[in-house]
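Worksheet: the structure to be examined is printed underneath.
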Number of protein chains: 2
Amino acid sequence: MEDGKRVFGTICRSAVDIFSAESLEERLCCGRPLKIKFGADPSRPDLHLGHTVPLRMLRRLQDAGHEIIFVIGDFTGMIGDPSGKSKARAPLTFEETRRNGRSYFEQVGKILDTKKARIAYNSEWLGRMDFADVLKLAGKYTLARMMERDDFAKRYAAGHPIGLHELLYPLMQGYDSVALGADVEVGGTDQTFNLLVGRELQRDYGQTPQEVITFPLLPGLDGVEKMSKSLDNYIGIGEPADSIFEKCMRVPDVLLEDYFRLTADVPEETYRPLLSADIRQAHFLYAREITRMYCGSDAAASAELRYVTVASGRAPGTMRVISVNGSGASIVALLREAGFAQSNSEARRLIEGRGIRLNGETVEDVGLTVSGDAVLSRGKNQFVRIRFRH
Amino acid sequence: MEDGKRVFGTICRSAVDIFSAESLEERLCCGRPLKIKFGADPSRPDLHLGHTVPLRMLRRLQDAGHEIIFVIGDFTGMIGDPSGKSKARAPLTFEETRRNGRSYFEQVGKILDTKKARIAYNSEWLGRMDFADVLKLAGKYTLARMMERDDFAKRYAAGHPIGLHELLYPLMQGYDSVALGADVEVGGTDQTFNLLVGRELQRDYGQTPQEVITFPLLPGLDGVEKMSKSLDNYIGIGEPADSIFEKCMRVPDVLLEDYFRLTADVPEETYRPLLSADIRQAHFLYAREITRMYCGSDAAASAELRYVTVASGRAPGTMRVISVNGSGASIVALLREAGFAQSNSEARRLIEGRGIRLNGETVEDVGLTVSGDAVLSRGKNQFVRIRFRH
């Protein structure tokens, strides 16, 4: 087990709130692997950068030897909205919730070791509860305490309907902690209320209340709302590299520091000076790093090239164009035509050093024949458009 | 089937509210036996006169050919108060709820024909519901509508805790109507909200909503609160005759008219003149009538005698006392001593005519030997105290 104090320090640097910091530190230092609970909504299987903020902390905790438990809230997912008022939340079948759960978990695998993590579907215990169990659970909480939840209070004050079933949802989520005997629960600040319900229910059911760690919500690309698929202001970690790269380049300047701090592994001393010196280069650094994290280095380099040549909106006319007679040419000849190499041997060395890309794809074959118009590039900043003249 | 319009007229004369009167009349006149639901709390098995107000109307409906369904709310009874805050509502075992239910129903048998009525225990359907069913049910109702219930609104405004399970109780009671497919539900005015919930839930579950009839709450003997066992201001219909009689005599003068109207079968033209002419005689008439209804004529007569001789608080010194030598005497001799009979044969005739009571009990044996001090009476108004001198 890694030293608990060091892990605790890492948590403190990025968490918004800890309930309670003192006993969290104690538990992290006790040498016992802790059960770390994290709730996931299977109805939204596409993970985005906002989701990675707590997931990256879970990775840290996993590396320190603790057990990560993903709770897939399939139970409510299967029910949908029983009031029938929200058409957006149609009930899912058992199979759909399992499929969504699998898809979710595959994406999580990009951040932490899913083989060492545990997935728990809360239908396992909630599906077994009868009316008497529900009443017992509901009896643990008063209406007044439930109405301390901001959104409930606001909706009630505004005269907007709150279905009675909605008041039970936080209890269900809280009961998950009881069923699992969770030591710690991690979530976004928007989940603070629900996470604390779990803490209180555990106490009511005779367990040691879990420690709660909340993480900041990442603002979306619009710079206004929190990142969310439904608002289309998100960067999905399962998206193609080109799309991730392009979206990263659109992060509002003022938010780029937050994005670096919360979602990337770039050291502060690297990104911080760049933010003030050259914000465009900072964007490139960020986009390169995030695309690399979720798609690998090669895809990141291709995406960057594609971004520079296409997605940046640079018109073909502004790119250097080389006209070549015939319908095809060897890659070596083209590199010399483009001025990227002074000799055939230099051209071959560049290819063997994986420094040459054709339409964003790394060229691996020195004997390649190119036919048809293409964009040829060397490294990250040199590129020409090849046009064949028949 | 009795004429529906006549039954409807009877209901209108004593009901406080009908939702809706129009369709109730229609259903009563359609010639089909209706399912009349009536809810009972098994945790309070002792029926009092307050309970008889709706029960007497049920008797009327039963006589008219409708099916009376008593819903014993054993489900919540078995759960008790899950918040654990009310010590008064300890959970009952299955056996206890059944025993309470039986005891309740025996008492109901004093008012209507229990053989023709149906008893339903709501654990039959509520006990089968799982968490998903509960959420579906809860989703039919909003918090705002639930908070229209007076007591909830008041408690919430006053900052008194309302357990979330409590919000589910009206839904459970309402769902009973769905499970039974009730046509009509009868209850006290304090149940109006819950009865209307049943109406709305039936609509939500695709049924024709039940008609709701509410009856006035009988004020207790204190003249302030509604009659209730816990306030000790009640007249229980299962109490001994002496106790019923004595309590009836304590009904506050100003309430006696209500008591007559709501709980007795005495015609208005009989009790009304007496109320203004001689309130004490009106009390006697009421006490005699109620004791007769629940204990029979003989017990009522004995109770009246005992009331007059003992419970009225009349001191022995103010009653005529006859001293008799020896340690015992024949009943016939005592009747002559007391001046109730002029001859042995007249004494025997009085006994055979059941006109003589000893300590409130009708004397049936003309050869009875009385030993020990006693109160001897002829009819309702003549009595003497017998004292033996050894």
Side-chain angles (χ1 to χ4, degrees), chain A residues 74-86 89 91 94 122-147 149 152-153 155-172 174-175 179 197 201 204-205, chain B residues 74-86 89 91 94 122-147 149 152-153 155-172 174-175 179 197 201 204-205:
Chain A
D74 66 332
F75 186 70
T76 44
M78 284 193 287
I79 293 160
D81 183 349
S83 73
K85 273 164 198 144
S86 155
R89 280 195 79 177
F94 182 84
N122 69 1
S123 61
E124 282 171 32
W125 49 86
L126 296 180
R128 276 198 223 111
M129 287 173 76
D130 62 18
F131 208 149
D133 296 325
V134 177
L135 287 172
K136 187 181 162 198
L137 178 59
K140 305 283 187 197
Y141 233 81
T142 67
L143 176 62
R145 277 164 73 203
M146 196 53 80
M147 295 305 282
R149 209 174 87 161
F152 282 155
R155 284 164 63 194
Y156 192 64
H160 297 153
I162 300 171
L164 286 179
H165 62 293
E166 296 184 70
L167 300 179
L168 298 177
Y169 286 168
L171 295 180
M172 293 162 74
Y175 187 78
V197 171
L201 286 182
D204 281 330
Y205 280 85
Chain B
D74 67 330
F75 186 71
T76 43
M78 282 193 286
I79 293 159
D81 182 350
S83 72
K85 275 166 197 142
S86 154
R89 279 196 80 178
F94 184 82
N122 70 1
S123 60
E124 283 171 32
W125 50 87
L126 296 179
R128 276 197 224 109
M129 289 172 76
D130 62 19
F131 208 149
D133 296 324
V134 176
L135 288 171
K136 187 181 164 201
L137 177 60
K140 305 282 187 198
Y141 232 81
T142 67
L143 177 61
R145 277 164 73 207
M146 196 52 82
M147 295 305 281
R149 207 173 87 162
F152 283 154
R155 284 164 63 194
Y156 192 64
H160 296 153
I162 299 171
L164 287 179
H165 62 292
E166 295 184 71
L167 300 179
L168 298 176
Y169 285 168
L171 295 180
M172 293 162 76
Y175 187 79
V197 171
L201 285 182
D204 281 331
Y205 280 84

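Worth knowing before you read on, the calculation uses all heavy atoms, side chains too, and leaves out hydrogens, waters and symmetry mates. Below, read A as the first sequence line, B as the second, and so on, with proteins coming before strands; counting in each chain starts at 1.
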Interchain contact, B/Y156 with chain A, by part (heavy-atom threshold 4.5 Å): side chain

Closest heavy-atom pair and its distance - A/P161, B/T142: CB-CG2, 3.8 Å

Contact class of A/L168 relative to chain B, heavy atoms under 4.5 angstrom: side chain

Non-hydrogen atoms of A/L143 and B/L143 that approach each other most closely: CD1-CD1, 3.7 Å

Contact summary for A/G139 and B/H165, nearest pair of heavy atoms: CA-ND1, 3.0 Å

Top contributor to chain B interface from A/L126, A/D133, A/D130, A/I162 [non-hydrogen pairs under 4.5 Å]: A/I162

Spacing of CH2 belonging to A/W125 relative to CZ belonging to B/F131, to within rounding of 0.5 Å: 12.5 Å

From B/F75 atom CZ to A/L135 atom CG, the distance as rounded to the nearest 0.5 Å: 6.0 Å

For chain B, the option from A/M146, A/M129, A/M147, A/R128 that forms the most heavy-atom pairs under 4.5 Å: A/M129

